[in-house]
Amino acid sequence: MRIGILGTGGMADALGTQWRRAGHEVLAGSRSGGLREAAEFGTDAVLLALPYAAVVDVVAGLEDVLRGRVLIDCTNPVGPGFALLTAGGPAAAERIASATPAAPVVKAFNLCHVDVWRLTPPVFDGRPLAVPLCGDDEAALTVVRRLVRDLGCEPLTAGGLDRAGLLEATAALLIGLWVGEGADAQAIAPPLEFAGPLSSPSGPCAGSTACRCGSW
């Protein structure tokens with residue numbers, strides 16, 4: 001694949017290096033130069049590895065070039081005090097999609113520190129890292145699933161782009177626990193066999209898509 005990367009920081013370097021190892025062609029550009037060239041290069045995918053504060057304006061300015069490109073949003077709208085800057089919505093990924101309506105957006109790669117993406121592969125206690133994806137375009141999701149697997153990770157279907165805000169809020173929570181408290185945030189989730197019924201909630205809202213009874 002031909003992958004363009006907007007940004008030249010840690011995420012751009014880590015993911016770009018891994019994708020080059022997997023045999024893909026990668027070109028990165030920074031805000032000081034080369035963004036348009038990177039966007040033009042990424043005929044198969046464009047990774048948005050810019051700070052959240054800049055990314056919407058940048059993609060809006062490149063809308064003509066990004067038309068039809070698969071955009072991968074790994075940004076985290078997290079501010080001082082680990083606050084979610086997009087609380088109340090829309091999510092960062094949705095704002096990007098609004099700025100580039102002709103380019104499908106997939107939210108991915110936002111839950112882990114850059115050093116995790118430098119691991120070859122990211123496997124912990126024999127279990128490959130899982131990467132949740134949010135997006136509405138199946139062809140775009142197929143592209144990103146392949147790129148996830150090329151890192152040695154497993155893609156997870158996390159819903160449409162309307163659920164990207166959940167991924168962003170999860171990142172704010174995890175970063176606050178890891179960095180702010182020095183806590184083992186992974187310990188908040190039990191193993192799958194203890195996660196509860198896999199079919200539907202029990203109790204008065206059984207069968208509902210929005211369980212509020214507390215029994216789930």
Side-chain angles (χ1 to χ4, degrees), residues 1-80 82 85-86 91-100 102-122 129 131 133-135 140 143-153 164 167-168 171-172 174-175 178-179:
M1 290 194 209
R2 287 168 60 94
I3 304 167
I5 300 181
L6 306 189
T8 54
M11 287 292 286
D13 178 66
L15 291 171
T17 296
Q18 298 287 31
W19 288 329
R20 287 188 187 95
R21 287 174 179 163
H24 301 297
E25 299 177 73
V26 178
L27 179 67
S30 71
R31 284 180 288 171
S32 61
L35 284 179
R36 180 166 289 271
E37 290 80 1
E40 291 172 343
F41 183 87
T43 52
D44 294 295
V46 175
L47 175 69
L48 308 179
L50 294 164
Y52 166 68
V55 67
V56 173
D57 286 343
V58 168
V59 297
L62 294 172
E63 182 185 3
D64 59 323
V65 181
L66 294 174
R67 185 177 301 272
R69 303 288 201 263
V70 174
L71 304 187
I72 307 171
D73 171 30
C74 68
T75 64
N76 275 320
V78 180
F82 311 106
L85 300 177
T86 53
E94 292 177 299
R95 297 177 193 214
I96 290 167
S98 293
T100 56
V105 176
V106 177
K107 188 79 186 187
F109 304 113
N110 72 305
L111 294 185
C112 294
H113 187 271
V114 61
D115 288 345
V116 172
W117 304 119
R118 298 188 191 281
L119 299 176
T120 310
L129 180 71
V131 180
L133 312 179
C134 287
V143 169
V144 182
R145 289 186 190 109
R146 177 182 170 186
L147 293 176
V148 168
R149 293 189 178 103
D150 285 343
L151 301 177
C153 302
L167 274 185
E168 295 168 7
L174 294 178
I175 293 168
W178 282 324
V179 179

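These numbers come from a predicted model, not from an experiment.
- Looking only at side-chain heavy atoms (C-beta outward), Ile96 and Tyr52 stay at 4.5 Å or farther from each other.
- Minimum interatomic distance between Cys153 and Val131 (heavy atoms only, all atoms of both residues): CB-CG2, 3.8 Å.
- The two atoms that bring Ala92 and Thr75 nearest to each other are CB-OG1, 4.0 Å, heavy atoms only.
- Val46 places none of its side-chain heavy atoms less than 4.5 Å from the side chain of Ile72.
- The local environment of CZ in Arg31 is sparse, with at most 12 non-hydrogen atoms from other residues, nucleotides or ligands closer than 6.0 Å.
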Could you go through the side-chain contact (heavy atoms from CB on, under 4.5 Å) check for Thr17 and Val26 one step at a time? CA-CA 8 Å; Thr17 296; Val26 178; over 6 Å; no
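- Counting all heavy atoms, side chain and backbone alike, Gly7 lies closest to Leu50 at CA-CD2, 3.8 Å.
- Counting heavy atoms from C-beta outward, Met1 and Val143 have side chains that approach closer than 4.5 Å.
- In this structure, Leu111 and Leu167 have side chains that are in contact, with non-hydrogen atoms separated by less than 4.5 Å.
- A distance-only check finds a donor-acceptor pair linking the side chain of Ser30 to the backbone of Ser32 [under 3.5 Å].
- Interatomic distance, CG of Asn110 versus CG of Asn76, reported as 4.5 Å (0.5 Å rounding).
- Contact of the Arg95 side chain with the Val55 side chain is not registered, since no non-hydrogen atoms from C-beta on lie closer than 4.5 Å.
- The side-chain heavy atoms of Val148 and Leu133, taken from C-beta on, include a pair separated by under 4.5 Å.
- Nearest heavy atom pair, residue Ile3 against residue Phe41, reads O-CD2, 3.6 Å.
- Judged as a salt bridge (charged side-chain N to carboxylate O under 4.0 Å, His left out), the pairs with a partner in residues 57-73 (not counting sequence neighbours) are, in order, Arg36-Asp64, Asp73-Lys107.
- The shortest heavy-atom contact between Gly16 and Ile5 is CA-CD1, 3.7 Å.
- Rounding to the nearest 0.5 Å places CD of Glu25 at 10.0 Å from CG of Leu27.
- Salt-bridge formation is detected for the pair Arg118/Asp13: a Lys NZ or Arg NE/NH1/NH2 atom is positioned less than 4.0 Å from an Asp or Glu carboxylate oxygen.
- Taking the side chain as every heavy atom from C-beta outward, Leu15 and Leu47 approach each other to under 4.5 Å.
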I'd like to know whether Val144 forms a side-chain contact (heavy atoms from CB on, under 4.5 Å) with Val70, so could you lay out the CA-CA distance, the side-chain angles of the two residues, the decisive distance to 0.1 Å, and finally the verdict. CA-CA 8 Å; Val144 182; Val70 174; 4.1 Å; yes
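- Side-chain N or O atoms of Glu37 include none that pairs as donor or acceptor with a backbone N or O of Ala28 at under 3.5 Å.
- Distance alone, capped at 3.5 Å, places no donor-acceptor pair between the Trp19 side chain and the Asp150 backbone.
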Decide side-chain contact (heavy atoms from CB on, under 4.5 Å) for Leu71 and Val106; before the verdict, give the C-alpha distance in whole Å, the side-chain angles of both, and the deciding distance to 0.1 Å. CA-CA 6 Å; Leu71 304 187; Val106 177; over 6 Å; no
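- The two atoms that bring Gly29 and Leu35 nearest to each other are O-CD2, 3.3 Å, heavy atoms only.
- Here the CH2-CE distance, from Trp117 to Met11, works out to 6.5 Å after rounding to the nearest 0.5 Å.
- For Gln18 (side chain) and Leu119 (main-chain N/O), a donor-acceptor pair under 3.5 Å exists by modelled atom type.
- Leu48 has its side chain out of reach of Cys74: every pair of non-hydrogen atoms, C-beta onward, lies at least 4.5 Å apart.
- Residue pairs meeting the salt bridge (charged side-chain N to carboxylate O under 4.0 Å, His left out) criterion with at least one partner in residues 42-54, sequence neighbours excluded, are absent.
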